[in-house]
Amino acid sequence: MLEVNYLRKNKEIAIQSLTKRNFDAVSIINEIISLDDERKKNQKKIDDLLSNSNQINKEIGQFYKKGEVENAEDLKIKSINIKSEVNKLLDSQKSIEHTLTDLLLQVPNIPNKIVNKGQSEKDNVIIIEKGSVPDLPEDKKPHWELAKEYNLIDFELGNKITGSGFPVYIDLGAKLQRSLISYFLDKNIMSGYKEYLPPHLVNSDSGYGTGQLPKFEEDLYKVEMENNPLYLIPTAEVPITNLFRNTIIKDNLLPIKCTAYTPCFRREAGSYGKEVRGLNRLHQFDKVEIVEIHRQEDSAKALDNMVSHVASIIEELSLPYRIMKLCGGDLGFSSSLTYDFEVFSAGQERWLEVSSVSNFQDFQANRMKLRYKNIEGINKLCHTLNGSSLALPRIFAALLENNQKKDRIEIPKILRPYMGLDYITK
RNA sequence: GGAGAGAUGGCAGAGUGGUCGAAUGCACUGGUCUUGAAAACCAGCGUACAGCAAUGUACCGGGGGUUCGAAUCCCUCUCUCUCCGCCA
């Protein structure tokens with residue numbers, strides 16, 4: 001959520017920048033500002049009336065103390081009149097504020113100045129392309145065939161117990177999954193991230209905090225409770241970032257760097273076909289996430305560091321990859337700048353997105369009132385960032401496909417200590 | 001699941017209808033003192049909105065109510081603690 005004051009001061013830049021997302025902000029921003037003017041005017045009236053009535057109430061107290069009941073009675077009537085006037089104003093103030101928040105929640109984050117205009121992922125820009133595609137034989141296979149052949153994943157069993165998009169990992173498949181999780185976490189911890197293991201269900205306040213609610217409720221699995229619903233997390237970003245919701249962090253505790261492994265649950269309604277084959281798109285998948293909280297002036301550099309960090313993980317797995325800078329049209333609602341990582345999965349001959357690293361600036365922080373007290377003692381909104389390090393299924397797929405040999409699948413060196421194996425055989 | 005107690009500033013903890021945005025202690029920040037530190041003493045020390053400012057307003061877990069006036073009384077929700085039961 002953007003701040004009204006920001007929009008006031010930077011109206012033209014904001015409108016201009018949002019066109020990069022193909023978002024026409026002219027009328028909504030004007031409406032927001034004029035509504036906020038109205039809000040201020042109304043609040044001023046309310047405050048003045050209340051000030052007046054506070055004064056009167058004090059006098060009533062004095063009169064009672066002195067036993068001058070008559071005088072007190074007169075003032076009571078005055079006070080009641082003021083009160084009814086205040087109540088009227090309060091009602092309209094509530095509806096103004098409600099509308100204002102509604103409008104603000106509809107405006108996406110301002111794209112960073114280095115983000116280019118674009119319609120869709122086709123307009124994303126390749127920043128880096130690295131690593132070599134393995135030389136595979138003619139009869140190379142996609143991962144869903146390899147997974148079956150080597151008995152690593154049973155997709156049908158998942159169908160039976162839950163539904164499509166819920167694979168069952170078996171034996172060395174399960175162990176490979178666990179090895180990847182451990183390796184990713186260890187790697188992150190070595191780089192200064194603190195490990196968390198958060199709940200996998202969150203309340204709606206948390207959903208609002210990171211921006212999944214109210215706009216994207218249909219993407220989430222919802223658990224109805226008697227009073228308040230809970231949501232299965234679509235990413236660890238939600239519980240981890242919300243750990244810091246509604247807090248004021250001391251300057252010397254920044255930056256905060258967290259990592260967490262969690263399963264992620266996504267409805268993915270409307271997805272079908274080749275795109276979702278095998279591990280390509282699931283309703284439940286494992287992911288290790290990194291979340292960082294920074295001073296405003298440090299977040300740009302922090303994003304670069306996160307990108308290098310994620311790149312180094314993929315390189316250690318010896319997977320060919322590329323980094324894409326997302327164009328305005330492909331940018332997530334809350335993000336101001338996002339880099340996507342894609343690995344080349346040679347069996348399918350496809351690029352698969354395995355990580356998305358974003359700087360949200362103060363967009364999430366404003367929603368969740370996450371602030372820090374800077375060295376001058378002034379409270380400022382933090383900048384939040386996060387990224388996958390990494391999403392497992394597509395890494396799993398690429399590892400199988402790229403490392404397939406005639407009669408075995410090779411395990412990358414970095415994972416061998418975790419697996420206790422150099423390769424998987426039938 | 002049953003019975004009871006409770007939720008106040010960073011923490012601890014007073015406050016049961018007006019003088020309370022809230023005592024006191026600790027923590028923290030600045031100063032005096034000191035070669036330096038500690039101790040002691042002095043001062044400051046919540047958040048948001050409006051305003052150039054003075055200042056005004058709101059907030060004592062959330063929401064609603066009673067009252068001229070609510071941290072304080074009533075209703076409700078959430079959460080925490082203690083005891084009993086159940087349980088990985």
Side-chain angles (χ1 to χ4, degrees), chain A residues 1-9 32-101 103-104 197-209 213 222-231 239 242-254 256 293 362 365-382:
Chain A
M1 190 165 78
L2 297 167
E3 292 183 284
V4 180
N5 283 336
Y6 168 84
L7 291 175
R8 276 180 192 282
K9 285 183 205 149
I32 285 169
I33 291 173
S34 78
L35 210 53
D36 191 52
D37 287 338
E38 206 182 323
R39 197 207 98 234
K40 284 188 192 180
K41 252 195 336 216
N42 214 34
Q43 190 63 49
K44 176 74 178 146
K45 278 190 212 160
I46 292 169
D47 286 354
D48 287 347
L49 286 170
L50 282 176
S51 173
N52 194 225
S53 110
N54 284 344
Q55 193 54 44
I56 289 172
N57 293 337
K58 264 181 204 158
E59 287 171 31
I60 291 174
Q62 295 300 317
F63 281 133
Y64 271 120
K65 208 169 255 174
K66 285 188 270 178
E68 299 173 21
V69 179
E70 290 273 316
N71 290 330
E73 292 298 326
D74 287 349
L75 285 178
K76 270 193 198 180
I77 292 162
K78 222 170 159 184
S79 181
I80 289 169
N81 287 337
I82 291 173
K83 184 94 188 255
S84 78
E85 202 175 336
V86 167
N87 280 336
K88 262 187 251 161
L89 290 171
L90 237 34
D91 281 347
S92 76
Q93 187 71 342
K94 251 186 206 165
S95 91
I96 290 169
E97 282 172 357
H98 187 80
T99 317
L100 186 58
T101 319
L103 290 175
L104 281 168
L197 207 166
H200 301 159
L201 286 162
V202 293
N203 56 29
S204 53
D205 282 350
S206 298
Y208 277 95
L213 297 177
K222 188 176 185 178
V223 181
E224 288 293 350
M225 304 287 286
E226 273 168 46
N227 295 301
N228 300 308
L230 294 174
Y231 298 88
N242 275 287
L243 294 174
F244 304 94
R245 169 154 44 89
N246 239 329
T247 56
I248 299 174
I249 299 167
K250 281 187 189 165
D251 185 89
N252 61 7
L253 296 178
L254 293 172
I256 289 171
I293 299 172
D362 61 9
N366 188 36
R367 283 189 172 212
M368 64 171 80
K369 297 285 162 272
L370 165 52
R371 289 160 293 172
Y372 66 105
K373 200 178 276 291
N374 74 5
I375 40 174
E376 278 120 46
I378 297 164
N379 293 335
K380 306 192 81 166
L381 290 170
C382 297

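Numbers restart at 1 for each chain; the letters A, B, ... are given by sequence-line order, proteins then strands.
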Out of B:U47, B:G18, B:U67, minimum distance to the side chain of A:Y64 belongs to B:G18

Please state whether the phosphate of B:A48, meaning OP1 or OP2, lies under 4.0 angstrom from any side-chain nitrogen or oxygen of A:R371. yes

Where do A:V86 and A:S53 land on the side-chain contact (heavy atoms from CB on, under 4.5 Å) test, with the steps shown first? CA-CA 10 Å; A:V86 167; A:S53 110; over 6 Å; no

Could you tell me whether A:K41 and A:D37 have a side-chain N and a carboxylate O separated by less than 4.0 Å? no

Determine the interatomic distance between C1' on B:A58 and the same-named atom on B:G2; round to the nearest Å. 41 Å

Please state the P separation for the pair B:G51 and B:G44 - nearest whole angstrom. 29 Å

B:G69 to B:G17 separation - C1' atoms, rounded to the nearest Å: 8 Å

More than 12 heavy atoms of other residues, nucleotides or ligands under 6.0 Å from NZ of A:K78: is that the case? no

Gap between atoms CG and P, on A:N366 and B:A48 respectively (whole Å): 12 Å

Taking any heavy-atom pair under 4.0 Å as a contact, classify A:L75: base, sugar-phosphate, or nothing. nothing

Which base sits across from B:C33 as a Watson-Crick or G-U pair, both distances under 3.5 Å? none

State which of B:G64, B:G18, B:U47 makes the closest approach to the side chain of A:N57. B:G18

Suppose we call a contact any N or O donor and acceptor under 3.5 Å apart; does that hold for the side chain of A:D47 and the base of B:G56? yes

Whole Å only: how far is the CD atom of A:Q93 from the P atom of B:A50? 11 Å

Mind calculating the distance between CG (A:L253) and C1' (B:C28) to the nearest angstrom? 13 Å

Could you tell me if A:E85 and A:N81 have a donor-acceptor pair between their side chains, going purely by distance under 3.5 Å? no

Euclidean distance for C1', B:G46 against B:C41 (whole angstrom): 26 Å

Can you tell me how far P of B:U47 sits from CD1 of A:I249, to the nearest Å? 15 Å

Tell me the interatomic distance from A:N54, atom CG, to B:G56, atom P, rounded to whole angstroms. 10 Å

Please figure out whether A:K373 or A:K44 has its closest RNA chain B nucleotide nearer the 5' end. A:K373

Taking any heavy-atom pair under 4.0 Å as a contact, classify A:K369: base, sugar-phosphate, or nothing. nothing

For B:G63, does OP1 or OP2 lie under 4.0 Å from any side-chain N or O of A:K94? no

Do other residues, nucleotides or ligands put more than 12 heavy atoms under 6.0 Å from A:I375 CD1? no

Suppose we define a pair by two distances each less than 3.5 Å, Watson-Crick or G-U wobble; what does B:A39 pair with here? none

Ignoring hydrogens and geometry beyond distance, is a side-chain donor-acceptor pair present between A:S206 and A:N203 at under 3.5 Å? yes

Picking from B:U67, B:C49, B:U57, which would you name as closest to the side chain of A:K83? B:U67

Gap between atoms CD1 and P, on A:I378 and B:A48 respectively (whole Å): 11 Å

Provide the Watson-Crick or G-U wobble partner of B:C87, both distances under 3.5 Å; none if there is no partner. none

Does A:K40 reach a base, just sugar-phosphate, or nothing at all? Heavy atoms under 4.0 Å. sugar-phosphate

Distance check needed: B:C68 P versus A:E73 CD, whole Å only. 9 Å

Using atom C1' of each nucleotide, how far apart are B:U78 and B:G85 to the nearest Å? 24 Å

Which nucleotide in the list B:A50, B:G64, B:U57 gets nearest to the side chain of A:L50? B:U57

Contact class for A:I248 vs. all strands (heavy atom < 4.0 Å): base, sugar-phosphate, or nothing? sugar-phosphate

Distance in angstrom units between A:Q62 CD and B:G18 P, rounded: 12 Å

Report the base-pairing partner of B:C59 (Watson-Crick or G-U wobble, both distances below 3.5 angstrom), or none. B:G46

Now, which nucleotide makes the Watson-Crick or G-U wobble pair with B:U78, with each of the two distances under 3.5 Å? B:A7

Charged N-O contact under 4.0 Å between A:R39 and A:D36: yes

Regarding A:D48, tell me which of base, sugar-phosphate or nothing describes its non-hydrogen contacts under 4.0 Å with the strands shown. nothing

In whole angstrom, give me the gap between the P atoms of B:C59 and B:G6. 24 Å

Identified pairing partner of B:U24, criterion: Watson-Crick or G-U wobble below 3.5 Å: B:A12

Between B:U82 and B:A43, how far apart are the C1' atoms? Round to whole Å, please. 43 Å

Assuming nearest nucleotide by heavy-atom distance, tell me which of A:I77 and A:G61 is located more 5' along RNA chain B. A:G61

Using a heavy-atom cut-off of 4.0 Å across all strands, would you classify A:K45 as base, sugar-phosphate, or nothing? nothing

Rounded distance in Å between the C1' positions of B:C52 and B:U47: 23 Å

Assign A:K66 to base, sugar-phosphate, or nothing according to its heavy-atom contacts below 4.0 angstrom with the strands shown. nothing

Check for a donor-acceptor pair, side chain of A:N52 on one end and backbone N or O of A:D48 on the other, with a separation under 3.5 Å. no

